[in-house]
Amino acid sequence: MTQQLTPADAWLRLQEGNARFVASDVSHPNQDASRRTALVNDQHPFAVIFGCSDSRLAAEIIFDLGLGDVFVVRTAGQVIDDAVLGSLEYSVSVLGVPLIVVLGHDSCGAVTATMNAVETGDMPVGFIRDLVERITPSVLTARRAGVTEVNATVVEHTRQTAHRLVDSSRVIADAVAAGHTAVIGVSYRLDEGRAVLVSGFGTPKD
């Protein structure tokens with residue numbers, strides 16, 4: 001049950017699943033008919049993963065999880081909007097999830113597009129422009145620190161996104177302050193399959 005896990009416990013469980021994935025020793029837990037039946041009337045995810053929509057970043061696969069284990073929210077470039085904040089607040093206040101993971105990854109197309117827009121001044125059209133505008137502060141922060149490589153910029157964007165979640169949501173900030181929930185930034189390395197902690201508000205540590 002979610003209420004019995006601390007933020008550190010939840011992060012350890014994710015680390016253990018990711019280690020199995022990296023080692024090609026996955027167990028595919030909670031993916032059978034009995035688990036499906038047990039979840040018909042209720043759910044108790046032990047973490048919420050707010051990650052990029054990239055097809056290479058399927059949370060349940062890279063952390064070797066199954067049905068009901070994690071509450072997942074995904075947008076391109078893990079961009080925050082009102083629907084994302086509402087979903088994350090629901091996971092914390094209603095489901096009692098003790099850990100929010102902001103999950104970025106190498107070679108992120110949304111971050112790359114934003115870096116190109118900052119460099120050239122040419123903004124994309126349509127709603128892609130909205131994504132770029134929301135990621136631009138992270139790119140500018142990275143550049144002020146001398147970071148110009150895409151994967152290092154993704155790490156900075158992941159850190160900045162975790163920080164914005166705590167700044168933007170009183171529900172999340174209060175849960176972190178009370179020690180009920182932690183918010184961490186995690187960067188996924190496509191070549192290794194490894195998820196690495198890059199920032200945090202709360203107790204989890206590598």
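Keep in mind that this is a model prediction, so the values were computed, not measured.
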- Criterion side chain to side chain contact (heavy atoms under 4.5 Å, CB included) on Val154 and His105, from CA distance to verdict: CA-CA 7 Å; Val154 168; His105 67 95; 5.6 Å; no
- Worked check of side chain to side chain contact (heavy atoms under 4.5 Å, CB included) between His157 and Ile135: CA-CA 7 Å; His157 176 52; Ile135 297 171; 3.9 Å; yes
- Query: Are Val155 and Val147 close enough, and set up right, to give a side chain to side chain contact (heavy atoms under 4.5 Å, CB included), and what steps lead you there?
  - Reply: CA-CA 10 Å; Val155 169; Val147 174; over 6 Å; no
- Give the intermediate values and the outcome of side chain to side chain contact (heavy atoms under 4.5 Å, CB included) for residues Thr161 and Arg164. CA-CA 5 Å; Thr161 302; Arg164 280 185 211 121; 4.2 Å; yes
- After noting the C-alpha distance and the side-chain angles of Ser27 and Asp64, does the key distance pass the side chain to side chain donor-acceptor pair (under 3.5 Å) rule? CA-CA 7 Å; Ser27 59; Asp64 191 26; 3.0 Å; yes
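Annotation for Val73 and Ser87: closest pair CG2-CB, 3.8 Å, computed over non-hydrogen atoms. The nearest pair of heavy atoms linking Asp32 to Ser34 is OD1-OG, 3.1 Å. Summarising the geometry of Cys108 relative to Val150, their closest heavy-atom pair is O-CG2, 4.4 Å, with the distance given to 0.1 Å. The minimum heavy-atom distance between Leu103 and Gln78, with the atom names listed, is O-OE1, 3.5 Å. When all heavy atoms are compared, the tightest approach of Ile62 to Phe21 is O-CB, 3.5 Å. Nearest approach of Asp106 to Ser187, heavy atoms of both residues: OD1-OG, 4.5 Å.
Between Gln31 and Leu67 there is no side-chain heavy-atom pair separated by less than 4.5 Å. Residues Val101 and Val48 have side chains not in contact (no heavy-atom distance under 4.5 Å, counting atoms from C-beta outward). Contact annotation: the side chain of Thr181 approaches that of Ile100 to within less than 4.5 Å [non-hydrogen atoms, C-beta and beyond]. Within the 4.5 Å cutoff, the side chain of Glu133 has heavy atoms near those of the Met123 side chain. Annotation: side chain of Asn116 is not in contact with side chain of Val132 (no heavy-atom distance under 4.5 Å). In this structure, the side chains of Asn151 and Ser107 come closer than 4.5 Å at one or more pairs of heavy atoms. The side-chain heavy atoms of His44 and Leu95, taken from C-beta on, include no pair separated by under 4.5 Å. Between Phe63 and Asp69, the closest side-chain pair of non-hydrogen atoms is not below 4.5 Å.
Ile128 CD1: 12 or fewer foreign heavy atoms inside a 6.0 Å radius. For CG of Asp82, the number of neighbouring non-hydrogen atoms (other residues, nucleotides, ligands) closer than 6.0 Å is 12 at most. Around the CZ atom of Arg189, the shell of radius 6.0 Å holds no more than 12 heavy atoms that belong to other residues, nucleotides or ligands. The neighbour count for Leu12 CG, taken as heavy atoms of other residues, nucleotides or ligands under 6.0 Å away, is above 12.
Between the side chain of Arg159 and the backbone N or O of Gly185, no donor-acceptor pair lies under 3.5 Å. A donor-acceptor pair is defined here as one N or O able to donate and one able to accept, closer than 3.5 Å; such a pair exists between the side chain of Ser93 and the backbone of Glu89. A donor-acceptor pair under 3.5 Å is formed between the side chain of Arg74 and the backbone N or O of Asp54. A donor-acceptor contact shorter than 3.5 Å is absent between the side chain of His28 and the backbone of Gly66. With hydrogens and angles disregarded, no donor-acceptor distance shorter than 3.5 Å links the side chain of Arg143 to the backbone of Thr148.
Here Leu140 contributes atom CG and Gln160 contributes atom CD; the two are 10.5 Å apart, rounded to the nearest 0.5 Å. We find the OG-NE2 distance between Ser199 and His163 to be 9.5 Å, quoted to the nearest 0.5 Å. Note: Ser91 OG to Ile172 CD1 = 7.0 Å, rounded to the nearest 0.5 Å. Atom OG1 of residue Thr141 and atom CZ of residue Arg144 lie 4.5 Å apart, to the nearest 0.5 angstrom. Of the inter-residue distances, the one linking Arg134 atom CZ with Thr75 atom OG1 reads 9.0 Å to the nearest 0.5 angstrom. Rounding to the nearest 0.5 Å gives a distance of 9.5 Å between CG of Leu65 and CG of Asn18.
Hydrophobic clustering keeps Val111 apart from Leu57 (ILVMFWY residues linked when any side-chain heavy atoms are closer than 4.5 Å, directly or through intermediates). Residue Val198 is not grouped with residue Val139 when hydrophobic side chains (ILVMFWY) are merged at heavy-atom distances under 4.5 angstrom, including chains of intermediate members. Leu39 and Val94 fall into different hydrophobic clusters, where Ile, Leu, Val, Met, Phe, Trp and Tyr are joined by side-chain heavy atoms under 4.5 Å apart, directly or via other members. With hydrophobic clusters built from ILVMFWY side chains whose heavy atoms lie under 4.5 angstrom apart, Leu88 shares a cluster with Val166. Linking Ile, Leu, Val, Met, Phe, Trp and Tyr residues whenever their side-chain heavy atoms come within less than 4.5 Å leaves Trp11 and Val22 in two separate clusters.
No cation-pi contact links Arg194 to Tyr188, judged by a cut-off of 6.0 Å to the six-membered ring centre and 45° from its axis.
Checking Val72, Leu85, Leu165, Val183 one by one against Phe50, the side-chain contact (heavy atoms from CB on, under 4.5 Å) holds for a single residue, Leu165.
Glu156 and Ser138 are not linked by any side-chain donor-acceptor pair at a separation below 3.5 angstrom, with hydrogens and angles left out of the test.
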